[in-house]
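Naming: A, B, ... by sequence-line order, numbering from 1 per chain. Predicted, not measured: the structure shown is a model, and the values here were computed from it.
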2 protein chains.
Amino acid sequence: MAEFKITQAQKELVEKLGVFYEKSGMQPAACRVMALLIVSDQTELTFEEILHTLGISKSATSGAINLLLTANRLEYITRPGDRKRYFRAKILNWKVDMLQNMSQMTSIGTLLKEINKQRPKASKEFNNILAEMISFLEFLNAEIPFLLKKWESKK
Amino acid sequence: MAEFKITQAQKELVEKLGVFYEKSGMQPAACRVMALLIVSDQTELTFEEILHTLGISKSATSGAINLLLTANRLEYITRPGDRKRYFRAKILNWKVDMLQNMSQMTSIGTLLKEINKQRPKASKEFNNILAEMISFLEFLNAEIPFLLKKWESKK
DNA sequence: TATTTAGTTCTGCAAATTCAGAACCAAGTA
DNA sequence: TACTTGGTTCTGAATTTGCAGAACTAAATA
């Protein structure tokens, strides 16, 4: 067993980042795994290293890893003549993630439209606000690609 | 008891929007209350109307309403000589909400910076990606006000 | 063939969440 | 003073979640 260790300071960062991820509704163990792979000096860790460093059970580790793999937050590489998988955070496509994240935020737009359609003409002020929100969400959605471009060119 | 009712279609919209709100981690009952106040023809509903329309208990209604009040998602008005409170969704400041929402998203930037500081110089590629994310989040945060302005002027 | 490795799957418990029901309370009304 | 109204607060029960532990498996190795 390779003796992989992280410092106290790193442990604290794992917890902090873990809690941040928890806000998105993911289960604690999976959040710790994600956080560990970001904070750790080594960017590629094995099942055993994750399990030992976080002090969680095999089943929890297995569950967390598979959750993250299907959520496309993790990937792994293998090495010739080595049965272990080396997991790493899939942050290379953070741009895609962020765009998805934002368009997910704007996904309420569709629902709001549906709601606005059935609202009575009477409640004008309220309807107008809804319409404004929808309009802004649409605008935002359209604007995101340009934002990315603008940032790229500014670097 | 005023006989306030919503249609089947509206009930379905309340559920849909309710589920959407649930994704943000709020408890189901509170999400239904929010959704009802958006979908309903009447924009101001009493405790009793909410309770009856959603078919939930007094305690659940009380809990949900107070949760939403402290979360600043709801407000209420009163009428002279009427002890009832009339609750309504606080969507008027959706712009503020959305900005908060976005800056909350960018709040991970601070944490990422902290993490990047402690990362070893060795893992260069990984560190560069982190640095890029941080840079983009900062850019985004700075850009949001301009986005709002741009949208306002386009209307 | 037995053993090790790298996990997966199943069972079940412990904790947390969520809500209903009932008791309660304070202000206004009869 | 008793009753009604518009809630709040306090159990407790039903789910749901999250994970440990143990048994299991498939591939590689001895």
Side-chain angles (χ1 to χ4, degrees), chain A residues 1-4 14-15 18-19 21-37 42 44-71 73-88, chain B residues 1-4 14-15 18-19 21-37 42 44-71 73-88:
Chain A
M1 183 182 67
E3 268 308 319
F4 169 71
V14 168
E15 289 309 312
V19 168
Y21 283 135
E22 275 184 45
K23 283 180 206 152
S24 70
M26 234 190 334
Q27 44 175 233
C31 294
R32 297 300 175 285
V33 173
M34 264 314 283
L36 175 62
L37 288 170
Q42 282 169 242
E44 287 155 11
L45 297 179
T46 67
F47 191 98
E48 246 249 307
E49 286 168 337
I50 292 171
L51 172 160
H52 261 87
T53 315
L54 294 179
I56 59 179
S57 72
K58 270 184 152 193
S59 69
T61 310
S62 175
I65 285 177
N66 287 316
L67 188 79
L68 292 167
L69 283 174
T70 41
R73 311 289 309 266
L74 228 63
E75 62 187 346
Y76 61 86
I77 56 158
T78 51
R79 299 190 210 286
D82 187 349
R83 202 138 63 87
K84 285 198 267 296
R85 291 180 290 174
Y86 294 81
F87 299 97
R88 65 179 174 209
Chain B
M1 182 182 72
E3 267 308 322
F4 169 71
V14 167
E15 289 310 311
V19 168
Y21 283 135
E22 275 184 45
K23 282 181 206 152
S24 70
M26 233 191 334
Q27 46 176 229
C31 296
R32 296 302 176 284
V33 172
M34 265 310 286
L36 175 61
L37 287 170
Q42 282 168 242
E44 289 155 9
L45 297 180
T46 67
F47 191 97
E48 245 249 308
E49 286 168 338
I50 292 170
L51 173 159
H52 260 88
T53 315
L54 295 178
I56 60 179
S57 72
K58 269 182 151 194
S59 69
T61 309
S62 176
I65 285 177
N66 287 316
L67 187 80
L68 292 167
L69 283 175
T70 42
R73 312 289 309 267
L74 228 62
E75 62 186 347
Y76 61 86
I77 57 158
T78 51
R79 301 192 210 283
D82 186 349
R83 201 140 63 87
K84 284 197 268 298
R85 292 180 289 174
Y86 293 80
F87 299 97
R88 63 180 175 208

Which comes earlier along DNA chain C counting from the 5' end, the contact point of G63(A) or that of D82(A), where each point is its nearest nucleotide?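 It is D82(A) whose nearest nucleotide is closer to the 5' end.
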Let me know the distance between [atom1] of [X] and [atom2] of [N], rounded to the nearest Å.
X: K84(B); N: dG7(D); atom1: NZ; atom2: P; answer: 8 Å
X: L54(A); N: dA20(D); atom1: CG; atom2: C1'; answer: 15 Å
X: Y86(B); N: dG6(D); atom1: OH; atom2: C1'; answer: 11 Å
X: I65(A); N: dG7(C); atom1: CD1; atom2: C1'; answer: 9 Å
X: I50(A); N: dA6(C); atom1: CD1; atom2: C1'; answer: 13 Å
X: F47(B); N: dT5(D); atom1: CZ; atom2: C1'; answer: 12 Å
X: L69(B); N: dG7(D); atom1: CG; atom2: P; answer: 11 Å
X: H52(B); N: dG7(D); atom1: NE2; atom2: P; answer: 14 Å

Counting neighbours of OH on Y76(A) that are heavy atoms of other residues, nucleotides or ligands and sit closer than 6.0 Å, is the number greater than 12?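 At most 12 heavy atoms, drawn from other residues, nucleotides or ligands, come within 6.0 Å of this atom.
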Counting primed atoms, P, OP1 and OP2 as sugar-phosphate and everything else as base, the B/S/- map of nucleotides 12-23 of chain C against protein heavy atoms under 4.0 Å is ------SSBB--
Going 5' to 3' along nucleotides 25-30 of chain D, which nucleotides have protein heavy atoms under 4.0 Å from the base (write B), which only from the sugar-phosphate (write S), and which from neither (write -)? -BBS--
Does any part of the side chain of [Y], heavy atoms only, come nearer than 4.5 Å to the side chain of [X], both counted from C-beta?
X: Y86(B); Y: T46(B); value: yes
X: L37(A); Y: L45(A); value: yes
X: L54(B); Y: V14(B); value: yes
X: E15(B); Y: R32(B); value: yes
X: L68(B); Y: M26(B); value: yes

Any donor-acceptor pair under 3.5 Å linking the side chain of S62(A) with the backbone of K58(A)?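 Such a contact is absent between S62(A) side chain and K58(A) backbone.
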Closest heavy-atom contact between A64(A) and A30(A)?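 Answer, listing the atom of A64(A) first, then A30(A): CB-CA, 3.6 Å.
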Any side-chain N or O of R85(B) below 4.0 angstrom from OP1/OP2 of dG7(D)?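 Indeed, a polar side-chain atom of R85(B) lies that close.
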Look at E44(A) together with R79(A) and state whether they make a salt bridge at an N to O cut-off of under 4.0 Å.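 Salt bridge flag = yes for R79(A) with E44(A).
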